[in-house]
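Naming: A, B, ... by sequence-line order, numbering from 1 per chain.
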Number of protein chains: 2
Amino acid sequence: MSEKPTRGSAELDRLDLKILDILQRDNKTPQRTIAEMIHLSAPAVQRRIRRMEEIGVIRANVALVDPARVDRSITLFVEVEMESERAELYDAAKRSFAAAPEVQQCYYVTGEADFILIVIVRAMSDYEALTRRLFFGNNNVKRFRTFVSMERVKVGLSIPLE
Amino acid sequence: MSEKPTRGSAELDRLDLKILDILQRDNKTPQRTIAEMIHLSAPAVQRRIRRMEEIGVIRANVALVDPARVDRSITLFVEVEMESERAELYDAAKRSFAAAPEVQQCYYVTGEADFILIVIVRAMSDYEALTRRLFFGNNNVKRFRTFVSMERVKVGLSIPLE
DNA sequence: GGTGAAATTTAGAACCC
DNA sequence: GGGTTCTAAATTTCACC
């Protein structure tokens, strides 16, 4: 896990965006096929992909798993409001949230809450245990509100590119 | 008296879960390497992956793109509360939310809101335009609250397995 | 950025438990 | 039914222009 030293070469042209658009849908698409789609040669496509991986535009290549099919059917959203705004306490909370495997995503936000967590668990009892650990076990957590997902209307993890 | 093993559907054994655990981190991992890691042969791994793709356990294989690096740096969370609970109106709202490219994820939830949206835009002006389209343009939207992400503390790529 | 050949990976068939 | 060893096809990778 090394930091990326913001190269000046982080610019993406239209062809790079087209490649990303394809890989966001299916990163198993052969470079040859991509090359035909954007009128380039396969090695040129390969070089662009490698560059985007190196500079961190492409964070990872992953398989998306349906939570319901692996017995992790419950998705929850949690708004967390903190008591004190001291940086050390915030950082401690961040670390504890990020360390929990049930916490799939965690964002520090502005608005009527301080953190928004997306939690995936097998059963509500697992969530109850998590709340005791993360929230009731932290004096700096003033309040939290939970929303239980009943339906994933849209799951797209891809970012709209033009 | 024969038991119904419900084979061929969604039964996953420990080896399947181990494979998923690997592919969720890096789906470019060669089958050969996976095979070594879980002490199996490459074709066996290949058959298991193919099966999990066919029955929908693996939803897709994608590249994860850093929004900030493609000039889509603003992530927003929106709680939407509806006026009427009529199914037709809900479905219409679902469709309009899902159809918007800026809406990366949409969930139907229980709690003090009806929908939670995760929105990614280039600039706040894009979000303002989106609110006019989706919320102010829909009489059935009673209220919505927006949270602006200031930091991605944890970016959930994978579902915790095991 | 393009062209070609080599190396790696994936896909498939035959066989065994 | 699932696993293993083999071979063939496809893809990625790396020389070079």
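For the pair A/Asp114 and A/Arg143, the salt-bridge criterion is not met [side-chain N within less than 4.0 Å of a carboxylate O]. Looking at B/Asp21 and B/Arg25, a side-chain N of the basic residue comes within less than 4.0 Å of a carboxylate O on the acidic one, giving a salt bridge. In this structure, A/Arg51 pairs ionically with A/Asp16, as a charged nitrogen and a carboxylate oxygen lie closer than 4.0 Å. B/Glu36 and B/Arg32 are joined by a salt bridge, as a carboxylate oxygen and a charged side-chain nitrogen come within less than 4.0 angstrom of each other.
Between B/Phe144 and B/Phe135, the ring planes lie tilted relative to each other; the angle falls in the 30° to 60° range. Using the six-membered ring where Trp is involved, B/Tyr108 and B/Phe115 have ring planes that are tilted, between 30° and 60° apart.
When rounded to the nearest whole Å, the span between CG of B/Leu15 and C1' of D/dG2 equals 11 Å. Rounding to whole angstrom units, CG of residue B/Asp16 and P of D/dG1 are separated by 16 Å. To the nearest angstrom, C1' of D/dT11 lies 14 Å from CZ of A/Arg50. The CD1 atom of B/Ile49 sits 14 Å away from the P atom of C/dG12 (whole-angstrom rounding). Whole-Å rounding puts the B/Leu12 CG to D/dG2 P distance at 12 Å. Between the C1' atom of D/dG1 and the CG atom of B/Leu40 lies a distance of 14 Å, rounded to the nearest Å.
The shortest distance between the side-chain N/O atoms of B/Arg48 and the OP1/OP2 oxygens of D/dG1 is not below 4.0 Å.
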Polar atom pairs between nucleotides 3-10 of chain C and protein, under 3.5 Å, N or O only, would you list them?
residue : atom : partner : partner atom : Å
C/dT10  : OP2  : B/Gln31 : N            : 2.9

